[in-house]
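Just below is one structure, and these are the notes that go with it.
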Amino acid sequence: MVDFNFSIFSAPSAADTGDTTLVDVLERAAGAERWRSGRSGIWYTLAPEGVPQRAQGWKLHVSATPASAPEVLARSLEVLLAAGSAFKFAATIDHVAALNARNTSRGHSGKFITVYPESDDEAVRLAAELHRATEGLAGPRILSDRPYAQGSLVHYRYGAFVEERRITNDGFYAWTILDPDGNPVEDRRAGTYTPPSWATCPFPGNAKDVTPRPRQVMLAKRFAVREAIRHTNKGGVYRAQDTGTGESVVIKEARPHVAADRQGRDTRDRLRAELRALEKVQGLGLAPRPVELFTEGGHLFLALEMIQGVPLREWVARSIGEAGWGDHLAPALEMARRLTGLMIEAHGAGLVLRDFNPNNVMVRPDGTPVLIDLELAAVAGDPEDVPLRAGTPAFSAPEQLEGAEPDASADHYSLGATLCYVLTGAPPYFLDERPQGRSLTERLTEWLAARTRDLELPEGLVAMLTGLMADDPGLRWTPEQAREVLAPSVPATVAPAEARRPVETCDQAIAGITEHLLASMDPGSAHALWPMSCAHGAPDPCCLQHGAAGVLGALVQCMRFSADPRLPDAVDVASRWILKRLEADAHRPHGLYFGTAGAAWALLEAGLALGDDGLADDAIAVAEGLPAAVAGPDITHGTAGIGLTALHFHARTGRARFAELADAAADALAASAEERAGALVWSTPADADSKLAGKSYYGFAHGVAGVGYFLLATGRDDCRELAVRVGDDLLDVAVVTPRSAMWGAGSGDAPTAPYWCHGASGIGGFLARLGADTGNARFLDAAALAARAVSDQSWRAVLGQCHGLAGNGDFLLDMAALTGDERYRADAWRLGEIILAGRAHRGDRVVFSDEQGDVSASWGDGVSGVLAFLTRLRHGSPRLWTADAARVAAVPGRVS
């Protein structure tokens with residue numbers, strides 16, 4: 001589930017709706033029948049018979065809009081079908097729209113047609129002919145390429161023709177090309193034109209721009225740009241100063257032809273619509289004052305008054321953090337009153353907002369909320385306004401996202417969702433259910449009960465929120481009705497409900513997630529055994545964090561407590577798939593969460609659980625190939641994770657080889673420790689081929705806490721001394737209050753959210769283990785404060801293991817096991833209740849949202865990590881991928 005950054009849907013879905021417009025253009029083209037053709041994903045590809053394709057070189061891209069795509073394709077086909085180079089095009093108009101959408105990756109946007117010229121000379125010839133053929137038609141600039149000429153739809157870049165991938169040291173696939181020495185290098189697809197330094201450009205007019213860039217960017221000869229707030233495909237947003245008045249302004253950019261519809265309206269039209277909305281409420285103090293609309297370089301810009309303050313989403317986080325969870329309610333109710341009044345005033349001025357959410361409201365220092373980003377707002381009676389399939393998931397009404405006519409009732413839904421966020425700190429995001437068995441009101445009621453259980457709510461508040469967000473738009477409460485409930489009199493309150501342990505719901509979720517994982521496993525796929533989504537790129541399909549190993553581990557754990565007869569076969573099939581894939585991708589990193597070690601660990605547990613000696617031996621053989629040390633020191637990618645894997649293999653197999661491997665890993669870490677400002681530090685070398693290069697952290701996943709955890713687990717006296725040093729250093733840098741302990745990601749950083757990866761959950765887990773092992777109360781005391789930080793911030797939205805409530809719940813269960821204090825188990829159930837309230841039923845399956853609002857099987861942020869926590873919560877099993885994991889609960893009739 002998205003925590004704070006809400007995605008905007010502003011283009012039609014890329015799903016294939018059966019539209020054959022573009023394929024029909026191809027079928028009508030003369031000569032098309034002589035080409036080999038076929039559909040793959042969103043692409044329709046054509047290649048000449050018997051012509052080998054180059055592996056890499058100068059490729060061409062031709063852009064188009066949904067409106068211009070048929071004509072662009074028709075004219076391009078006249079050139080391409082008469083030539084002999086392979087090419088492809090987006091197969092439907094909806095796919096063109098998706099390629100041009102406002103939030104499409106800047107490195108991939110706009111590429112309607114891709115041409116793979118058979119030679120550099122042919123690339124130059126085809127570019128010239130395609131430019132002449134498509135001149136005057138509409139299409140966006142392709143940011144990763146260089147345009148053939150000013151305003152041309154034709155662009156070029158150097159890159160791969162045949163997509164060869166390799167797994168990087170960070171555990172993700174990267175497209176590669178070969179340098180002149182035959183070494184693979186990444187084929188970077190960024191939002192700027194960055195050809196390899198060794199590639200000679202054959203196109204005319206390609207001399208590098210040697211004009212020195214001005215120190216200051218000036219727009220409209222008036223606005224001095226200070227910094228970019230953000231860049232998206234639709235354009236940037238900038239902070240600037242009006243040199244004429246000295247006023248600070250925000251400038252919004254709209255790139256031509258981005259997010260265009262079938263009528264040719266694009267993001268520039270939305271910016272003009274925003275200006276009309278701003279003018280409608282000018283002088284009311286509801287929104288920024290427009291300063292100037294202007295065009296520069298073909299792009300449209302709107303300068304606005306800069307509103308001093310913070311986004312509402314940030315105000316909510318600060319309010320909870322500063323006031324505390326229970327004391328946050330009073331300022332939250334006051335903000336709810338102000339937001340309700342803001343919407344009443346906006347509607348009174350003739351606006352339908354259509355995108356009212358915590359990202360689009362600024363809070364001034366005096367607490368006054370102000371509307372920003374009104375580009376989706378509709379002005380009553382505006383003939384230029386059109387329905388849009390647009391909005392923000394969790395905050396926009398379902399009918400609006402489906403393209404309904406603008407209506408105030410959709411804003412009422414958004415107000416209710418925003419007030420839910422203000423009160424709970426989490427977006428009310430619900431995955432769709434299939435078939436729809438529970439109404440939104442039913443699901444929202446359960447969600448609110450779980451997330452507000454510790455609050456004394458005003459009488460009628462829950463009814464108001466569910467009323468604003470009613471399924472039927474005609475039955476939704478109005479802001480005026482909501483204001484009556486929120487009136488600042490002293491309301492009757494609803495006492496906090498008692499803590500619950502929803503055992504039956506937990507059992508249903510465990511069975512439903514298992515059903516989903518069994519049904520979605522695809523052993524015939526050469527790419528991924530389970531569907532995964534990941535914000536960081538295409539992950540190694542075998543790895544623990546985002547691949548099959550993490551899911552396999554969760555299923556093996558589940559198998560120990562389940563009588564489902566399908567699980568042993570599924571575990572066996574998944575294990576064979578991973579083994580086969582490990583052989584196919586031999587050049588992967590060695591780490592625990594992002595590499596071979598984690599896959600070996602999962603395979604060993606599968607073999608032992610199945611009583612399959614051959615599978616266990618295969619896992620042992622994989623683990624025996626691990627090195628003792630790698631460049632990175634950490635648990636997820638590096639030496640500490642390899643050492644922890646070796647300890648686990650030794651505990652489960654008794655083989656001396658693994659004890660030796662663990663010792664060698666510990667020795668390597670002891671030798672690589674550095675002293676900085678009196679503290680022990682481990683960092684990835686600056687010259688390492690990794691995004692972690694040169695960095696050092698405090699946390700468990702990438703930092704010293706994880707290293708200390710492994711060193712402590714070795715049982716060696718010298719390693720324990722190092723672990724104690726790490727613990728002392730972490731205590732020194734903790735941000736401690738009478739109630740909690742928090743840590744930043746690294747030196748000089750503000751405290752992060754209390755998650756496993758960087759924050760109090762992971763660090764607290766190490767300190768708790770250190771305190772239990774050494775008997776030193778100060779470490780256990782700090783772990784207790786970390787646990788309180790985790791419980792106090794149960795309002796956070798993400799559900800998964802790495803950055804979410806499942807990983808935090810596992811830490812609380814660790815605390816219960818180490819201290820014997822059952823309050824921690826009760827707090828873990830509290831998190832479990834919140835997680836369960838976010839479930840979606842799809843037939844017999846149960847799914848949960850990942851951090852991107854999708855459904856992923858992954859361990860790190862998907863359903864397998866949630867399954868592991870719920871199984872442990874329900875049955876008391878050991879925590880996976882830890883030093884405790886060798887303590888496996890035996891199941892009668894199965895080898896453990």
Side-chain angles (χ1 to χ4, degrees), residues 6-13 102 259 261-263 265 269-270 272-281 284 286-287 336 339-361 369 371-421 427-430 432 436 439-441 443-444 463-486:
F6 311 113
S7 300
I8 304 295
F9 292 168
S10 59
S13 165
R102 54 189 284 172
D261 62 20
R262 296 190 186 216
Q263 288 71 45
R265 294 174 294 233
D269 295 284
R270 301 316 314 162
R272 294 187 186 99
E274 178 168 12
L275 175 61
R276 293 195 296 274
L278 291 170
E279 290 172 339
K280 188 73 173 175
V281 298
L284 300 179
L286 306 182
L339 292 168
T340 302
L342 179 64
M343 181 168 286
I344 290 171
E345 288 189 72
H347 285 179
L351 291 187
V352 177
L353 300 174
R354 291 201 289 188
D355 205 17
F356 189 83
N357 71 69
N359 266 350
N360 290 348
V361 175
L371 298 167
I372 60 171
D373 287 341
L374 293 177
E375 59 192 59
L376 297 186
V379 177
D382 185 350
E384 296 187 48
D385 190 69
V386 294
L388 290 171
R389 289 163 59 181
T392 300
F395 295 95
S396 293
E399 71 274 10
Q400 179 182 315
L401 294 174
E402 293 171 2
E405 294 283 343
D407 191 272
S409 64
D411 282 355
H412 302 166
Y413 182 101
S414 297
L415 175 62
T418 300
L419 298 189
C420 285
Y421 185 88
Y429 181 80
F430 298 102
D432 60 302
Q436 184 176 341
S439 68
L440 177 60
T441 299
R443 298 176 71 184
L444 180 60
M464 177 203 75
L465 294 171
T466 56
L468 285 168
M469 298 177 66
D471 298 74
D472 184 343
L475 298 179
R476 288 179 190 148
W477 283 34
T478 66
E480 288 79 7
Q481 290 174 293
R483 185 166 57 182
E484 293 179 10
V485 174
L486 292 167

Exercise. Dump the intermediate steps for side chain to side chain contact (heavy atoms under 4.5 Å, CB included) on Leu419 and Leu486, then the final yes or no.
Key: CA-CA 11 Å; Leu419 298 189; Leu486 292 167; 4.3 Å; yes
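- Considering only heavy atoms from C-beta on, Ser396 stays 4.5 Å or farther from Arg354 through its side chain.
- From Thr340, atom OG1 reaches atom CG of Leu415 across 4.5 Å, with rounding to the nearest 0.5 Å.
- Under the side-chain contact (heavy atoms from CB on, under 4.5 Å) rule, Thr418 has a single partner from Pro428, Pro369, Pro358, which is Pro358.
- From Arg270, atom CZ reaches atom CZ of Arg265 across 8.5 Å, with rounding to the nearest 0.5 Å.
- Between Ile372 atom CD1 and Leu278 atom CG the span is 11.0 Å, to the nearest 0.5 Å.
- Nearest heavy atom pair, residue Arg476 against residue Pro398, reads NH2-CD, 4.2 Å.
- When all heavy atoms are compared, the tightest approach of Ala277 to Ala377 is CB-CB, 4.0 Å.
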Quiz prompt | Derivation and outcome, side chain to side chain contact (heavy atoms under 4.5 Å, CB included), residues Asn357 and Tyr421 | solution = CA-CA 9 Å; Asn357 71 69; Tyr421 185 88; over 6 Å; no
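- Shown here are the side chain to side chain contact (heavy atoms under 4.5 Å, CB included) partners of Asp407, two or more places apart in sequence or in another chain: Ser409.
- In this structure a side-chain-to-backbone donor-acceptor pair under 3.5 Å is missing from Asp411 to Val352.
- Here the straight-line distance linking atom CG of Asn360 with atom CG of Leu371 works out to 8.5 Å at 0.5 Å rounding.
- Here the closest non-hydrogen pair linking Arg102 and Ala259 is N-CB, 4.0 Å.
- Residues Phe430 and Leu444 are in side-chain contact: their nearest non-hydrogen atoms beyond the backbone lie under 4.5 Å apart.
- Nearest heavy-atom pair, Ala482 versus Leu468, reported as atom, atom and distance to 0.1 Å: CB-CD1, 4.1 Å.
- Atoms OG1 and NE2, on Thr478 and His347 in that order, are 10.5 Å from each other to the nearest 0.5 Å.
- Considering Asp471, Asp472, Thr466 in turn, Asp471 is the only one that fulfils the side chain to side chain donor-acceptor pair (under 3.5 Å) rule with Thr441.
- Minimum heavy-atom separation, Tyr413 to Ala394: CE2-O, 4.4 Å.
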Quiz item: Are Phe395 and Asn359 close enough, and set up right, to give a side chain to side chain contact (heavy atoms under 4.5 Å, CB included), and what steps lead you there?
Solution: CA-CA 10 Å; Phe395 295 95; Asn359 266 350; over 6 Å; no
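- Atom CH2 of Trp477 is separated from atom CZ of Arg483 by 14.0 Å, given to the nearest 0.5 angstrom.
- Nearest heavy-atom pair, Pro393 versus Gly391, reported as atom, atom and distance to 0.1 Å: CD-O, 4.0 Å.
- Residues satisfying the side-chain hydrogen bond (donor to acceptor under 3.5 Å, both in side chains) test with Glu345, not counting sequence neighbours, are none.
- Using a distance-only test at 3.5 Å, with no hydrogens or angles considered, a donor-acceptor pair links the side chain of Gln400 to the main chain of Ala390.
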